[in-house]
Amino acid sequence: MVKVTPVRAGFLVLALVAGAVAWACADPEVSPTWALAKDYYDTGGSSAVLTPGNDTRVNLLLLLADRRGEAVRDPAAPHEGPPLVLFPWAAMSRAAPQAPESAGQDWEPSRCQSNRAGAAGFIAALEANARIPQEERQRLAAARTSFVPNCAGEAVAAEAVAARTPAGRAFAAYLAAAADFYGGRFPEARTAFAALTQAPDPWVRETALYMVARSELNRALLSILDEYGWFVEPERRDLAAVAAAGAGLQSYLRAYPNGRYASSARGLTRRVAWLAGDRQALAAAVDAQLAGRGAFDGRADSVAFANEVDSTLIAGATPAAPRNPLLLAVVDLQRLRCESEAGGIGVVCDRRISREELERQAPHFAGEEALFEYLRASEAFYVRREPREVISLIPDAARQGRFTYLQFSRQVLRGLALDAVGDPNARAFWLSLFDGAVQPYQRE
């Protein structure tokens, strides 16, 4: 039995993780600062506690896990090395379960990512169409299987297949249109797919209508980068193509509200709003996604969704946006940070969100009172250095069988406040958290 000398809780926490310093974190190139209370961004030191120091994507992922009952990593997945206590975003991304390839899966995708699923759908639809002779189906399937797109800009061609039946000719025409699409000839692809929206085969009709919108979207994407690879301002983008992509997606959703590609199409509408620079429409689309209970539209998983939302809505967010309580909480936590001065020398802490501004946000947190209370307590702790106010705002709820990430964060912040005021019961409070710390990254 090891005798433990009573110590202040903050030092106890550091002692518990000190043995892991040798391995640092999942990414050896990024070393974390070994502390829980950080009012600055720690690139390699995110944790399962909602803090200003976390990567904004980590904070969003923790809140999404609470909202949707998901784990931030697959509990059944094998894990090599010591448990992750503090980690960079990359470690959480690698630990997340991977979903099958789907259109719209990644924020900056290669259009070729959908080729595998597209080929499988093409062949399955061929096999389901009894009006096409077997020999004709075989030739069309072989042509689709042998078609290997190249999205690096080189010309792509598909094997021409002579078909006798109307349905067979529609599949052959679809294959030629797909070659235009994957070859980067988007106007030609759009025209070819549009001609197939009245095809005799139901799969060809539906998929062609969806691909009209994807063709317009990929045409729009050609205009978003300058010669140095930076995003250009919305007014310098091909807004006509952006609008055409949006109209195409809405046309598909009106015709097939529960169609094969409805989830992806709804996800792509967020990309259209971002390309158009319409933050209000983007925020509304994200709000609708967060309000749903199913899988994320057009996204592979929560990690991909967190990346998308962080890149398009949270990054550069002004105090006026967003309005969804989860996203607003992520932005508020970010605004509790001290910022690096120009040139990376020194920090500035006088531009953080104020108590008054935070209180004005209360109406946006209707139904999320525990989250808003946590933000108020975080402002008291990190900005005004008032730990006693934290203790009054967050009651003791340490003895639980299971903590959500928000509940866990609330109790950890209370523990830090107890430690800051020198409460003699702080150590016992910290130890009482162990029983409920059963979710990934909490017990570590």
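Note that the structure is a prediction, hence the values are computed from the model and not measured.
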(request) Determine, step by step, whether Ser251 and Arg254 satisfy the side chain to side chain donor-acceptor pair (under 3.5 Å) criterion, reporting the C-alpha distance in whole Å, the side-chain angles of both residues, the deciding distance to 0.1 Å, and the verdict. (result) CA-CA 5 Å; Ser251 293; Arg254 283 193 299 272; 3.3 Å; yes

(message) Enumerate the disulfide bond (SG atoms under 2.5 Å apart) contacts for residues 348-398, please, sequence neighbours excluded, ordered by first and then second residue.
(response) Cys338-Cys349

(message) Can you confirm if the NZ or CZ of Arg237 lies within 45° of the ring axis of Trp274 and under 6.0 Å from the centre of its six-membered ring?
(response) yes

(request) Tell me yes or no: between the side chains of Asp332 and Gln361, is some donor less than 3.5 Å from an acceptor? (result) yes

(message) Under a plain distance cut-off of 3.5 Å, with no hydrogens placed, do Asn54 and Tyr41 share a side-chain donor-acceptor pair?
(response) no

(message) For the aromatic rings, using the six-membered ring if either is Trp, is the centroid distance between Tyr405 and Tyr441 under 6.0 Å?
(response) no

(message) Can you list everything that forms a ring-ring contact (aromatic ring centres under 6.0 Å, His included) with Tyr252? Sequence neighbours excluded, please.
(response) Tyr210, Tyr256

(request) Could you pull out the closest heavy-atom pair between Leu239 and Leu275, with the gap in Å? (result) CD2-O, 4.2 Å

(request) Tell me, yes or no, whether the heavy-atom count around Arg388 atom CZ, taken from other residues, nucleotides or ligands under 6.0 Å, exceeds 12. (result) no

(request) Determine the sole option in Gln289, Arg271, Arg270 for which the side chain to side chain donor-acceptor pair (under 3.5 Å) test with Glu308 is passed. (result) Arg270

(request) Apply side-chain contact (heavy atoms from CB on, under 4.5 Å) to the pair Leu222 and Phe186, showing each step before the final yes or no. (result) CA-CA 10 Å; Leu222 295 176; Phe186 301 121; 3.9 Å; yes

(request) Indicate yes or no: does Arg355 engage Glu389 in a salt bridge with an N to O separation below 4.0 Å. (result) yes

(request) For the pair Arg352 and Glu357, evaluate salt bridge (Lys or Arg N to Asp or Glu O under 4.0 Å) and give the outcome as yes or no after the intermediate values. (result) CA-CA 10 Å; Arg352 294 186 287 183; Glu357 183 181 349; over 6 Å; no

(message) Does Glu369 have more than 12 heavy atoms from other residues, nucleotides or ligands lying within 6.0 Å of its CD?
(response) yes

(request) Give the C-alpha distance, both sets of side-chain angles, the deciding distance and a yes or no for side-chain contact (heavy atoms from CB on, under 4.5 Å) between Arg205 and Leu196. (result) CA-CA 6 Å; Arg205 284 199 304 272; Leu196 291 169; over 6 Å; no

(request) Look up atom CD1 in Ile391 and atom CG in Leu418, then write down how far apart they are to the nearest 0.5 Å. (result) 4.5 Å

(request) Assess whether side-chain contact (heavy atoms from CB on, under 4.5 Å) is satisfied between Leu209 and Tyr261, documenting all intermediate values. (result) CA-CA 10 Å; Leu209 185 58; Tyr261 314 104; over 6 Å; no

(request) Hey, could you give me the CD/CG distance between Glu339 and Asp350, rounded to the nearest 0.5 Å? (result) 9.0 Å

(message) Would you say CZ of Arg384 has more than 12 non-hydrogen atoms from neighbouring residues, nucleotides or ligands within 6.0 angstrom?
(response) yes

(request) Report the residues that fulfil salt bridge (charged side-chain N to carboxylate O under 4.0 Å, His left out) with Glu188, sequence neighbours left out, ordered by chain and then residue number. (result) none

(message) Side chains of Asp310 and Thr56 only: does a donor on one sit below 3.5 Å from an acceptor on the other?
(response) yes

(message) One pair to check against salt bridge (Lys or Arg N to Asp or Glu O under 4.0 Å): Arg219 and Glu216. What are the steps and the verdict?
(response) CA-CA 5 Å; Arg219 181 165 70 94; Glu216 294 287 14; 2.8 Å; yes

(request) Give the intermediate values and the outcome of salt bridge (Lys or Arg N to Asp or Glu O under 4.0 Å) for residues Glu233 and Arg236. (result) CA-CA 5 Å; Glu233 299 81 1; Arg236 293 175 57 194; 3.3 Å; yes

(request) Show your reasoning for whether side-chain contact (heavy atoms from CB on, under 4.5 Å) applies to Ser46 and Trp89. (result) CA-CA 7 Å; Ser46 290; Trp89 167 252; 5.9 Å; no

